[in-house]
Engineer: 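First, the structure itself, so that you have it in front of you.
In each ligand, atom 1 is the first atom listed, and ligand 1 is the first ligand listed. Here the structure is a predicted model, which is why all the values come from computation and not from measurement.
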Amino acid sequence: MVVKSAYIHIPFCVRICTYCDFNKYFIQNQPVDDYIDALINEMSLAKTRNLETMYVGGGTPTALSIKQLEKLLKAINEMFNINGEYTFEANPDELTAEKVQLLKNYGVNRISMGVQTFNPELLKLLGRTHQTSDIYQAVDNATTAGIESISLDLMYHLPKQSLEDFADSLEMALKMNINHISSYGLILEPKTQFYNMYRKGNLKLPNEDLGAEMYQFLMSRMNASSFHQYEISNFAKDGFESEHNKVYWLNEEYYGFGAGASGYVNGERYTNINPVNHYIKAIKNDGKAILTSNVPTLNEKMEEEMFLGLRMNQGVNGQRFAEKFNQSMDNIFGQTIERLKNNGLLVEEGNFIKLTNRGKVIGNEVFEAFLLNE
Ligand code: SF4
C-alpha cells in the first residue's frame with residue numbers, strides 16, 4: 001500500500017482547556033524551536049514524497065509564532081509535494097490575518113477551527129482562550145486570505161448546556177461562510193480539570209438522554225441544511241468532506257510525525273515517544289522516535305475495517321472488504337450483521353453495510369459486536 005497522507009503533531013497550547021485529554025503541553029518554557037527541528041529531521045526520513053493529504057494538528061499549530069510557522073511550512077514544502085487537501089488546525093483567537101495569509105502562501109487550503117460553542121459563558125467554562133467575536137474575525141481572515149475550505153468544531157453535551165444553547169451555536173455556525181462542521185459530545189476524561197471538578201462535586205454533567213437528544217437534533221438540523229452527514233460526527237457541503245480523515249476511516253496508511261503521534265506504514269502501526277523532550281532526544285540520537293509498533297493480525301485488520309468504515313455514512317463496502325482480505329464480509333461477520341440488522345442498528349444497501357440513525361447514537365456498542373475472538 002502506498003502512503004499518501006501525513007499527520008504532523010504540534011503539541012503546544014497557550015492555555016489548557018478544562019476538558020482536554022489530548023496530547024498537549026502548556027507552551028511556556030517548552031523547547032518549541034528544537035521541536036520543530038526534530039520534526040523536520042523525522043520528516044526527512046519519510047520514503048514517500050508525493051502526498052494527497054497533509055494534516056497539521058495538535059495541540060494548537062497556530063500557537064507557534066510566525067517565524068516558527070514559516071520554518072515548518074517551508075520545510076514541509078521542500079520535503080513533500082502535496083497534491084490535494086492541506087489542513088491546519090487553528091484556534092480562533094490565534095488565526096490572525098498575518099498567520100492565515102502565511103499558511104495560504106505555503107499552500108494550506110483547509111482550516112479546521114476549534115470553536116466548540118458560541119456561548120460566552122460556556123467558552124469560559126471550557127477554559128477556551130477565544131471570545132465569540134474571535135470566531136467571526138478568524139473565519140473572515142481565512143476567507144479574505146482565500147482559504148477554500150473552512151471547518152468548525154462544535155461540542156455538545158456540555159455542563160450547563162441546554163438543547164436550545166446547542167441549537168443556537170449550530171445556527172450561528174450555519175450562517176457563516178464555512179463548508180464543514182464536526183460536532184462531538186463531551187466525554188469526561190480522567191486527568192482533566194473537568195474530571196477533578198466533577199469528583200469534588202463542583203461540576204454537574206447533563207444526563208445521557210439529553211446528550212442523545214442533542215445528537216439527534218444535530219443530525220436532523222444538518223440534514224435539513226446545505227450540509228450532508230458523511231460520518232458519525234462530520235457534516236460537509238458537497239465537495240468539502242475531509243479527505244484526510246477518510247484515510248483513517250478507510251483504514252489506509254499514513255505517516256504520523258511528532259511527539260506521541262501515531263502512524264500506519266508498510267502494514268505496521270506505530271506510536272512515537274512522548275513527551276516533547278524525550279522525542280527531541282530520540283530524534284537527535286537516531287533520527288527516529290518510535291516507542292511502540294505492531295503489525296495488526298488479519299483478525300485485527302478486519303475488525304478495524306468494520307469499526308472505522310461503519311463511522312462513515314456510506315458504510316463498509318463488501319466488495320472492497322473481499323478484495324482486501326480474500327474472504328467475504330459475510331463469511332466473517334455474517335451472523336453479527338444479521339443480528340444488528342434485526343435490531344434496527346444496521347442496514348444493507350447494495351454492496352454496503354451501514355449504521356442506521358439509531359445505530360449511530362450507540363455506535364460504540366455496535367462496533368464492539370465486531371470484535372473477533374482470536
Ligand atoms: S486548545 Fe485543543 S489541544 Fe489545546 S488544551 Fe484546548 S482542547 Fe486541548
Engineer: Sorted by first residue and then second, give each ring-ring contact (aromatic ring centres under 6.0 Å, His included) pair with at least one member in residues 269-310; sequence neighbours left out.
Structural biologist: Tyr35-Tyr279
Engineer: Are Asn41 and Lys284 close enough, and set up right, to give a side chain to side chain donor-acceptor pair (under 3.5 Å), and what steps lead you there?
Structural biologist: CA-CA 8 Å; Asn41 278 341; Lys284 269 190 188 148; over 6 Å; no
Engineer: Does the side chain of Tyr25 pick up a donor-acceptor pair with the side chain of Asn277 at under 3.5 Å?
Structural biologist: no
Engineer: Kindly check if the number of other-residue, nucleotide or ligand heavy atoms within 6.0 Å of OH (Tyr198) is above 12?
Structural biologist: no
Engineer: At what distance is the nearest protein heavy atom to atom 7 (S) of ligand 1, and which residue and atom is it?
Structural biologist: Tyr19 OH, 3.3 Å
Engineer: Sort by chain and number the protein N/O/S atoms that are closer than 2.8 Å to atom 6 (Fe) of ligand 1, and list them.
Structural biologist: Cys17 SG
Engineer: Can you confirm whether or not the ring centre of Phe22 sits under 6.0 Å from the ring centre of His9?
Structural biologist: no
Engineer: Scan side-chain atoms only and decide if Thr117 and Ser169 contain a donor-acceptor pair under the 3.5 Å cut-off.
Structural biologist: yes
